[in-house]
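Order of appearance sets the numbers: ligands from 1, and atoms from 1 within every ligand.
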Amino acid sequence: MSIKIQVINPNTCIEMTHAIGEATQKVALQETEIIAVSPSHGPKSIEGHFDEAMSAVGILELVQQGKAQEVHGHVIACFGDPALHAAREVASAPVIGIAEAAFHAATLISTKFSIVTTLPRTKIIAEHLLHQYGFAGHCAQIRCIDLPVLALEYDKKTAYQKLLESCREAKAQDGIGSIVLGCGGMAEMAEQVSAVLDIPVIDGVRAAVKLIEALHGMGLKTSKWGDYDYPNQK
Ligand code: 2AL
């Protein structure tokens with residue numbers, strides 16, 4: 001029996017959707033089928049509160065589509081975990097955001113981590129999530145490469161160099177045991193940065209896929225008892 005995992009890239013940059021699909025297929029179980037999708041409408045990249053709000057409807061439509069295809073889990077592959085709680089109301093399978101997946105993974109292998117993300121304006125979104133999920137005490141620093149999200153696809157060389165430099169500084173200065181990458185578009189760079197710097201570097205997209213495989217193996221789905229119950233009929 002195959003495990004179908006819908007990986008939603010919430011922005012409309014199709015190149016990033018393909019890169020995320022490839023990066024996750026590499027670590028997925030042989031029986032796992034990754035369905036990488038992005039909305040047909042919405043922002044091309046998500047770099048602030050407005051972009052997040054504009055992406056929400058597209059994400060929820062895709063979750064509904066995935067549910068109709070009977071997928072075994074959904075990943076929201078944007079580091080602000082946009083529309084996560086709403087998606088859990090709509091879904092019956094597990095729904096995991098990449099920030100929460102990465103925070104969980106990081107604290108299972110280290111006591112402290114730093115986040116390396118894209119633009120400074122996205123830092124507040126990560127900070128809010130750290131507090132909301134209860135991981136604030138484990139995060140030493142939130143660093144930025146100061147490049148827009150789309151540079152990760154269209155100027156890969158510069159993005160990689162800047163990411164490597166920020167991660168190098170985090171390792172040397174932050175008193176940490178691991179690094180969390182703060183953008184879905186960084187997924188394909190995690191392995192190389194980790195190998196070069198000799199420190200665990202966590203890409204939340206892959207962490208989320210592996211967590212869904214684990215939940216599926218335990219027969220666990222999103223609870224419909226309580227606030228994640230299906231939305232009320234009006
Ligand atoms: C992101 C992300 O993961 N995808 C996107 O479009 N924006 N988050 C970020 N901090 O840059």
Side-chain angles (χ1 to χ4, degrees), residues 6-24 36-60 62-63 74-84 87 95-106 113-133 135 139 141-156 158-160 162-163 166-167 170 179-190 193 201-209 211:
Q6 183 192 42
V7 178
I8 300 172
N9 171 25
N11 69 46
T12 54
C13 175
I14 205 78
E15 293 90 341
M16 193 172 290
T17 308
H18 290 149
I20 284 171
E22 274 174 31
T24 48
V37 289
S38 39
S40 58
H41 56 94
K44 182 137 190 209
S45 64
I46 298 168
E47 302 173 315
H49 309 297
F50 175 83
D51 293 342
E52 281 204 352
M54 294 299 283
S55 72
V57 172
I59 295 168
L60 295 170
L62 286 174
V63 171
H74 315 256
V75 173
I76 299 185
C78 173
F79 203 73
D81 294 354
L84 177 63
V95 186
I96 301 189
I98 64 171
E100 64 170 0
F103 299 159
H104 279 279
F113 61 86
S114 283
I115 299 170
V116 179
T117 186
T118 52
L119 291 177
R121 69 181 299 169
T122 69
K123 279 170 73 169
I124 190 66
I125 295 173
E127 257 173 54
H128 285 163
L129 293 182
L130 286 166
H131 285 281
Q132 190 191 134
Y133 300 151
F135 287 101
C139 182
Q141 280 284 342
I142 306 177
R143 292 174 176 270
C144 300
I145 61 170
D146 210 3
L147 283 180
V149 169
L150 294 177
L152 294 165
E153 282 312 313
Y154 302 129
D155 190 2
K156 282 183 197 255
T158 310
Y160 176 74
K162 287 200 161 225
L163 183 64
S166 280
C167 291
I179 295 168
V180 163
L181 299 184
C183 183
M186 294 172 174
E188 55 189 337
M189 299 180 189
V193 175
V201 175
I202 296 145
D203 151 45
V205 194
R206 288 196 248 192
V209 164
L211 286 172

- For the pair Phe113 and Phe103, name the ring-plane relationship: parallel under 30°, tilted 30 to 60°, perpendicular over 60°. parallel
- Message: So which atom in Ser45 and which in Asn11 form the shortest heavy-atom distance, rounded to 0.1 Å?
- Response: CA-CB, 3.7 Å
- Relative to the heavy atoms of Ser45, which atoms of ligand 1 are at a distance of less than 4.0 Å? 6 (O)
- Query: Under 3.5 Å, N or O to N or O, is Val149 touching ligand 1 that way?
  - Reply: no
- Message: In this structure, does ligand 1 have an atom that sits under 4.0 Å from one of the heavy atoms of Gly185?
- Response: no
- Query: Is it the side chain, the backbone, both or neither of Ile46 that has a heavy atom closer than 4.0 Å to ligand 1?
  - Reply: both
- Query: To the nearest 0.1 Å, how far is atom 11 (O) of ligand 1 from its closest protein heavy atom, and which atom is that?
  - Reply: Thr118 OG1, 2.7 Å
- Ligand-residue contact atoms, ligand 1 with Thr117, heavy atoms, under 4.0 Å: 10 (N)
- Message: Quick check on contacts: which atoms of ligand 1 are under 4.0 angstrom from a heavy atom of Thr122?
- Response: 10 (N)
- Message: Taking Glu52's backbone N and O only, do any of them form a donor-acceptor pair with Ser55's side chain (distance below 3.5 Å, no angle check)?
- Response: yes
- Decide yes or no for Ile125 and His49: does some side-chain heavy atom of the first lie under 4.5 Å from some side-chain heavy atom of the second? yes
- Task: Verify, without hydrogens or angle tests, whether Arg143 (side chain) and Cys167 (backbone) share a donor-acceptor contact under 3.5 angstrom.
- Result: no
- Query: Below 4.0 Å from any atom of ligand 1, is there a heavy atom belonging to Gly80?
  - Reply: no
- Message: Before you tell me yes or no, could you show the steps for Tyr133 and Asp81 under side chain to side chain contact (heavy atoms under 4.5 Å, CB included), namely the whole-Å CA-CA distance, both residues' side-chain angles and the distance that decides it to 0.1 Å?
- Response: CA-CA 11 Å; Tyr133 300 151; Asp81 294 354; 2.6 Å; yes
- Item | Minimum-distance protein heavy atom relative to atom 4 (N) of ligand 1 | Cys78 SG, 3.6 Å
- Quick one: closest heavy-atom pair of Ser38 and Thr17, and the distance? OG-OG1, 3.1 Å
- Give yes or no for whether the N/O distance cutoff of 3.5 Å, strictly under, is met between Asn11 and ligand 1. yes
- Taking all atoms of both residues into account, what is the closest heavy-atom pair of Leu129 and Ala99, and its distance? CD1-CB, 3.8 Å
- Query: Near Gly184, which atoms of ligand 1 are under 4.0 Å from a heavy atom of that residue?
  - Reply: 2 (C), 3 (O)
